[in-house]
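This report refers to the structure that appears directly beneath it.
Please read all numbers here as calculations on a predicted model, not as lab measurements.
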Amino acid sequence: MLKDFKPVLGILLRFIIIYLVLLFAYQFYLTGSKDTGLDPFSRIIADQVSFLQNKIGYKTALYDDVKNEQVWFYVKNQYVTRMVEGCNAISVMILFVSFVFAFYKGIKTVIFVLIGLILLYLMNLLRIVGLNIVMSEYQEYGKMFHDFVFPAVIYGSVVLLWLVWIKFFALKNENS
């Protein structure tokens with residue numbers, strides 16, 4: 001009976017191992033940048049969000065709060081949101097990478113992961129820009145967008161990428 005579940009257990013074990021390795025590596029990275037305020041990757045995202053918002057007419061400045069490890073977005077002369085480490089979508093990307101590599105299919109796995117990470121990165125930038133615009137223009141909807149709409153966007157993107165990976169790559173030969 002265990003023989004029937006061997007492929008599923010192999011996938012599950014690969015997922016868990018990859019997830020834990022990436023998670024511990026990320027925690028090690030965060031620990032190394034603890035004294036500098038917001039971690040460098042999150043800071044890059046904040047800078048890019050600020051750049052995009054300025055380009056589309058939402059005058060934006062950033063305020064570093066090193067002690068609290070966050071950056072505040074100052075949009076149209078008001079503080080609208082703050083960026084903390086959790087806003088960088090790394091945990092979502094780790095989950096995505098772990099799942100795709102659990103169904104490893106050679107070089108196409110690496111290519112799909114790279115393309116997927118770029119798409120998730122861009123979706124996250126747009127998510128933060130969208131949240132800042134909502135908080136700047138329609139603050140009464142801010143909590144709903146922060147807690148429900150934008151998480152659905154980023155997690156929905158991950159699920160969509162997973163479905164594409166499974167349907168068109170991971171199980172392609174099995175369905176023939």
If hydrophobic clusters are built by linking Ile, Leu, Val, Met, Phe, Trp and Tyr wherever their side-chain heavy atoms come under 4.5 Å apart, do V8 and F101 end up in the same one?
no

How about Y79: does its OH atom have over 12 heavy atoms from other parts shown lying under 6.0 Å from it?
yes

Under 6.0 Å between ring centres: does that hold for F145 and F150?
yes

Among residues two or more places apart or on two chains, list those pairs meeting salt bridge (charged side-chain N to carboxylate O under 4.0 Å, His left out) that have a residue in residues 19-33.
none

Which heavy-atom pair separates N54 from T60 by the least distance, and what is that distance?
OD1-N, 2.7 Å

Is the count of non-hydrogen atoms from other residues, nucleotides or ligands lying under 6.0 Å from Y141 atom OH greater than 12?
no

Which heavy atom of I45 sits nearest to which heavy atom of N124, and what is that distance?
CD1-ND2, 4.2 Å

Can D39 and R43 be said to form a salt bridge (Lys or Arg N to Asp or Glu O under 4.0 Å), step by step?
CA-CA 6 Å; D39 67 279; R43 179 57 201 220; over 6 Å; no

According to salt bridge (charged side-chain N to carboxylate O under 4.0 Å, His left out), does anything in residues 70-84 pair up with another residue at least two apart or in another chain? List the pairs.
K76-E137

Going by salt bridge (charged side-chain N to carboxylate O under 4.0 Å, His left out), name the residues that satisfy it together with R127, two or more places apart in sequence or in a different chain.
none

Between F112 and F169, is the gap from one ring center to the other below 6.0 Å?
yes

Run the ring-centre check on F24 versus F28 and record whether the distance is less than 6.0 Å.
no

